[in-house]
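In what follows, a single structure is set out as structure tokens and then discussed.
Basis for what follows: all heavy atoms, side chains included, without hydrogens, waters or symmetry-related copies. Just so we're clear, the structure is a prediction, and the values are computed from it rather than from any experiment. Remember, it's 1-based here, ligands and their atoms both numbered in the order they're listed.
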Amino acid sequence: MLLNGKVALITGAASGIGKDIALVYARAGAAVAIADINLDAAQKTADEINATGARAIGVAMDVTSEEAVNAGTRSVIDAFGRLDILISNAGIQIVNPLVDYSFADWKKMLAIHLDGAFLTTKAALPHMYKDDQGGTVIYMGSVHSHEASPLKSAYVTAKHGLLGLARVLAKEGAAHNVRSYVICPGFVRTPLVDKQIPEQARALGISEDEVIKKVMLGQTVDGVFTTVDDVAQTALFLASFPTAALTGQSFIVSHGWYMQ
Ligand code: NAD
């Protein structure tokens with residue numbers, strides 16, 4: 001029970017990676033807020049967790065809206081009385097070559113990934129800074145926080161940007177015992193990736209099987225997708241790490257696809 005007594009707010013937690021982190025955190029003793037733009041799905045995940053005897057709530061939150069982020073964060077404090085861990089995880093993918101990338105899609109991508117990270121951090125920090133009680137902020141980066149791929153200009157730009165935000169927070173938050181991290185997964189088989197397989201096949205003129213074997217897994221050491229649990233166990237390790245030794249760092253979880 002590494003997270004006994006802790007309260008975690010996880011964005012994009014109705015699906016995929018965020019949902020698995022919520023399940024793992026709940027099993028480790030945390031009370032979890034499942035924040036998502038899809039409230040029905042968030043509530044379903046919360047119900048699943050509550051049925052195990054752990055504590056969870058579903059929270060409606062569009063991370064691009066300052067009002068929604070502030071209201072959602074307030075509802076977590078109202079429900080659980082404190083906030084110890086923020087996982088800024090909500091994200092989408094839009095693939096297109098740069099010449100065809102619409103400005104509207106570019107702005108949408110940066111709004112969800114970067115505005116969302118900023119707004120949720122800003123809303124969470126006062127609760128962590130209070131009496132220097134401290135906390136953990138984890139941004140969901142990607143191998144694309146360090147590496148580029150064709151068709152992903154906005155995603156790669158946004159995921160690189162999270163490294164900067166985490167490093168600033170590591171320096172500003174230290175005096176208040178707040179630590180920040182970026183987790184950088186390789187390809188994880190979630191709805192976000194399933195949607196990309198036919199899109200990339202069309203854009204690159206190759207088969208879906210080739211997208212999986214060459215584009216997604218070609219550079220891993222074992223030809224295996226990173227799993228939601230690979231990522232969730234990393235998030236558990238970081239949130240329970242006892243000192244500030246690792247603050248400001250990014251952690252690549254990619255079956256050897258990208259090594260630093
Ligand atoms: P997913 O599609 O399974 O889940 C994303 C969740 O975010 C969904 O529940 C969705 O409703 C929610 N969401 C979307 N827009 C939102 C908004 N504006 N406000 C609040 N919630 C919103 O995707 P996933 O694969 O679990 O991705 C989660 C994070 O992990 C993303 O930041 C993604 O970039 C990152 N990531 C994923 C992979 C991968 O291969 N799947 C790899 C590296 C990084």
Are more than 12 heavy atoms, taken from residues, nucleotides or ligands other than Glu210, located less than 6.0 Å from that residue's CD atom? yes
Does an N or O from Asn89, backbone or side chain, lie closer than 3.5 Å to an N or O of ligand 1? yes
For atom 7 (O) of ligand 1, which protein heavy atom lies nearest, and how many Å away is it? Gly12 CA, 3.4 Å
Take every heavy atom of Gln93, measure it against each atom of ligand 1, and state whether any distance is under 4.0 Å. no
Would you compute the distance between atom CD1 of Ile17 and atom CG of Asn89 and round it to the nearest 0.5 angstrom? 6.0 Å
Please report which non-hydrogen protein atom sits nearest to atom 8 (C) of ligand 1, along with the residue it belongs to and the distance in Å to one decimal place. Asp36 OD2, 3.6 Å
In the structure I gave you, are the side-chain heavy atoms of Tyr139 and Ile87 within less than 4.5 Å of one another anywhere? no
If we set the cut-off at 4.0 Å for heavy atoms, which region of Asp62 has an atom near ligand 1: side chain, backbone, both, or neither? both
Can you sort out which atoms of ligand 1 are near Gly186, meaning under 4.0 Å from one of its heavy atoms? 40 (O), 42 (C), 43 (C)
Report yes if some N/O of Ile17 lies less than 3.5 Å from some N/O of ligand 1; otherwise report no. yes
Identified side chain to side chain contact (heavy atoms under 4.5 Å, CB included) partner of Met140 from the options Val231, Val182, Leu162: Val231
Would you say Gln133 has more than 12 foreign heavy atoms packed within less than 6.0 Å of its CD? yes
Gln233 side chain near Val24 side chain, heavy-atom distance below 4.5 Å: yes
Considering only heavy atoms, which of Gly16, Gly91, Gly18 lies nearest to atom 5 (C) of ligand 1? Gly91
Should Val7 and Leu2 be counted in the same cluster of Ile, Leu, Val, Met, Phe, Trp and Tyr side chains packed under 4.5 Å apart? no
Should you measure from each heavy atom of Ala90, which atoms of ligand 1 turn up under 4.0 Å away? 7 (O), 20 (C), 21 (N), 22 (C), 32 (O)
Check whether any heavy atom of Lys19 sits under 4.0 Å from an atom of ligand 1. no
Is the contact between Val193 and ligand 1 made by the side chain, the backbone, both, or neither, using heavy atoms and a 4.0 Å cut-off? side chain
Looking only at distances, please establish whether an N/O atom of ligand 1 is found under 3.5 Å from an N/O atom of Val188. yes
Any donor-acceptor pair under 3.5 Å linking the side chain of Asp84 with the backbone of Gly135? no
Starting from atom 30 (O) of ligand 1, which protein heavy atom do you reach first, and at what distance in Å? Met140 CG, 3.3 Å
Thr64 N/O under 3.5 Å from ligand 1 N/O: no
Is any side-chain heavy atom of Pro191 less than 4.5 Å from a side-chain heavy atom of Ser15? yes
Just wondering, do Trp106 and Thr157 contact through their side chains at under 4.5 Å, heavy atoms? yes
Between Ile87, Val69, Ile37, Thr226, which one has a non-hydrogen atom sitting closest to atom 22 (C) of ligand 1? Ile37
Do the charged groups of Lys44 and Asp40 touch, with an N to O distance under 4.0 Å? no
Report the nearest protein non-hydrogen atom to atom 27 (O) of ligand 1: residue, atom name, distance rounded to 0.1 Å. Leu192 CD1, 3.9 Å
Identity and distance of the protein heavy atom lying nearest atom 3 (O) of ligand 1: Ser15 OG, 2.6 Å
Pairwise distance CZ(Phe237) to CG(Leu246) - rounded to 0.5 angstrom: 5.5 Å
contact_flag Gly141 ligand 1 heavy-atom lt 4.0 Å: yes
Under a heavy-atom criterion of less than 4.0 Å, does Tyr155 contact ligand 1? yes
Counting non-hydrogen protein atoms only, what is the nearest one to atom 15 (N) of ligand 1? Give residue, atom name and distance. Ile92 CG2, 4.0 Å
Taking the side chain as every heavy atom from C-beta outward, state whether Ile10 and Ile34 have any pair of such atoms under 4.5 Å apart. no
Where the side chain of Asn177 meets the backbone of Asp132, is there a donor-acceptor pair that is under 3.5 Å apart? yes
Any N or O of Asn38 that comes nearer than 3.5 Å to an N or O of ligand 1? no
Numbered atoms and elements of ligand 1 in range of Met61, under 4.0 angstrom, heavy atoms: 19 (N), 20 (C)
Nearest-contact summary for atom 19 (N) of ligand 1 - protein heavy atom, Å: Val63 N, 3.0 Å
Proximal atoms of ligand 1 relative to Phe187 (non-hydrogen, under 4.0 Å): 40 (O)
Salt bridge present between Asp105 and Lys107 (N-O < 4.0 angstrom): no
In this structure, atom 24 (P) of ligand 1 is nearest to the protein heavy atom Thr190 OG1, 3.5 Å
Answer with side chain, backbone, both or neither: which part of His113 has a heavy atom less than 4.0 angstrom from an atom of ligand 1? side chain
